[in-house]
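Shown next, in structure tokens, is the structure this report addresses.
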There are 2 protein chains.
Amino acid sequence: MMLRLSTKGQYGVRAMYEIAKGYPETPVTIKEISEKQEVSVAYLEQILNKLRKANLIKSIKGPGGGYLLNKSPDQVSIAAILNELEGPVAITSCLNPEEGCVRVDSCVTHLLWKALGEKVEAFLSTITLKTLISGDLYKIKEIS
Amino acid sequence: MMLRLSTKGQYGVRAMYEIAKGYPETPVTIKEISEKQEVSVAYLEQILNKLRKANLIKSIKGPGGGYLLNKSPDQVSIAAILNELEGPVAITSCLNPEEGCVRVDSCVTHLLWKALGEKVEAFLSTITLKTLISGDLYKIKEIS
DNA sequence: TAAAACCCTACCAAATTTGTCAAGTATTAG
DNA sequence: CTAATACTTGACAAATTTGGTAGGGTTTTA
Ligand code: FES
Ligand code: FES
């Protein structure tokens with residue numbers, strides 16, 4: 001199966017969707033997310049922890065607490081969420097800023113993977129949590 | 001690193017590029033591919049075997065033998081190559097024809113991953129071995 | 001002060017990736 | 001005929017990634 005997204009990324013987006021529904025005032029607990037999206041509490045903790053450290057969400061402790069979006073849903077792109085959970089889009093490790101590649105100049109495919117990555121990134125940047133909430137996903141063919 | 005392509009897919013495309021350069025008459029040996037693309041002979045054997053069974057290339061045994069493209073380079077898309085080596089584009093396992101998902105109807109993200117997969121597939125279908133050989137990759141932004 | 005809720009680190013099993021190895025079979029040049 | 005060339009096949013294994021679980025914290029508020 002080509003170009004798979006890990007469950008961490010998938011669950012992360014679904015969790016952010018639940019949190020976004022509480023915006024701007026109602027904290028959403030991990031337990032609620034866990035029940036609605038059918039993902040274990042322990043696994044969600046890891047995921048939300050990363051997103052909190054990236055300032056995409058904030059947490060409120062104690063009874064009545066939970067998670068809240070830091071920005072409005074239309075300002076949180078899917079690309080931003082996945083970027084935190086899975087690192088940057090990089091089809092090959094040659095494109096990974098941390099790794100690089102010595103063959104890059106003579107490589108016939110380098111530009112191809114780079115272009116593909118950029119297209120994916122551009123697409124995921126146009127989709128936000130608001131797109132998901134408003135059910136406008138069926139329109140994305142027009143967005144291109 | 002998000003949406004990584006396995007080395008099998010990467011090496012496969014690079015091997016096909018070498019074979020395409022011999023089109024339509026000159027067989028290219030595994031050894032040549034191995035040297036030019038810096039991939040072990042044993043690993044290439046596995047990869048080329050798959051591509052041969054998929055009828056993308058044919059093999060000629062014995063001295064003077066090697067591999068030949070079955071179709072002209074402009075008729076072999078990158079999508080076709082990767083499809084054989086890595087299976088269909090499927091961002092999530094829910095989109096994998098062999099697996100499926102029970103939550104698909106109530107899932108807020110299903111359409112998103114589906115649309116992304118289709119965009120990727122469409123893009124990779126427009127790029128062929130001829131694109132690589134002719135060095136037209138810098139044009140792909142215009143291709144869209 | 002007890003319950004609610006988040007925080008953090010360590011650990012683990014299974015799957016996938018990324019190959020290697022060894023022993024074939026088929027073809028042809030000479 | 002035969003030796004060299006070149007592809008064919010299947011088994012196997014190390015390394016990495018994935019997809020979590022476990023279990024103990026800490027903070028807040030009713
Ligand atoms: S092998 Fe690294 S850029 Fe192609
Ligand atoms: S969980 Fe399977 S389609 Fe979203």
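So you know, we letter chains A, B, ... as the sequences are listed, proteins then strands, and number each from 1.
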Return the value, rounded to whole Å, for the distance between atom [atom1] of [X] and atom [atom2] of [N].
X       : N      : atom1 : atom2 : value
B/Leu44 : C/dT18 : CG    : C1'   : 13 Å
A/Lys8  : D/dG19 : NZ    : C1'   : 7 Å
B/Leu85 : C/dT16 : CG    : C1'   : 16 Å
B/Arg4  : C/dT17 : CZ    : P     : 8 Å
B/Glu38 : C/dG19 : CD    : P     : 13 Å
B/Ile33 : D/dC7  : CD1   : P     : 8 Å
A/Met2  : C/dT16 : CE    : P     : 16 Å
A/Gln10 : D/dT17 : CD    : P     : 19 Å

Is [X] touching bases, backbone alone, or none of the nucleic acid, heavy atoms closer than 4.0 Å?
X       : result
A/Leu48 : nothing
A/Lys31 : nothing
B/Lys53 : sugar-phosphate

Out of [options], whichever nucleotide has its closest atom nearest the side chain of [X]:
X       : options               : answer
B/Ser6  : C/dT18, D/dT8, C/dC7  : C/dT18
B/Ala42 : D/dT8, C/dT18, C/dT20 : C/dT20
A/Arg52 : C/dG19, C/dC8, C/dC6  : C/dC8
B/Tyr43 : C/dT20, D/dT9, D/dC7  : C/dT20
B/Asn49 : D/dT9, C/dG19, C/dC6  : D/dT9
B/Tyr67 : D/dT21, D/dT8, C/dA4  : D/dT8
B/Gln46 : C/dA4, D/dA11, C/dC8  : D/dA11

Start at the 5' end of DNA chain C and walk down; is the nucleotide closest to A/Met1 or to A/Gly62 reached first? A/Gly62
Let me know, please, whether B/Tyr11 or B/Lys61 comes out on the 5' side of the other along DNA chain C by nearest nucleotide. B/Tyr11
Give a yes or no on whether the backbone of A/Ile30 and the side-chain of A/Ser34 come within a donor-acceptor separation of less than 3.5 Å. no
Please say yes or no: joined through hydrophobic side-chain contacts below 4.5 Å, possibly via intermediate residues, are B/Leu51 and B/Leu68 part of one cluster? no
Nearest heavy-atom approach of A/Thr92 to A/Trp113 is CG2-CD1, 3.3 Å
Between A/Ser40 and D/dT21, is there a contact of a side-chain N or O with OP1 or OP2 at under 4.0 Å? yes
Phosphate OP1/OP2 of C/dC6 contacted by A/Thr29 side-chain N/O (<4.0 Å): no
Could you say whether A/Glu45 or A/Leu5 is positioned toward the 5' end of DNA chain D, judged by the nucleotide with the nearest heavy atom to each? A/Leu5
Rounding to 0.5 Å, atoms OG1 (B/Thr131) and CG (A/Leu112) come to a distance of 8.5 Å
Please round to the nearest 0.5 Å and tell me the distance separating atom CD of B/Glu45 and atom CD1 of B/Ile47. 10.5 Å
Could you tell me whether the side chains of B/Ser6 and B/Glu86 share a donor-acceptor contact shorter than 3.5 Å? yes
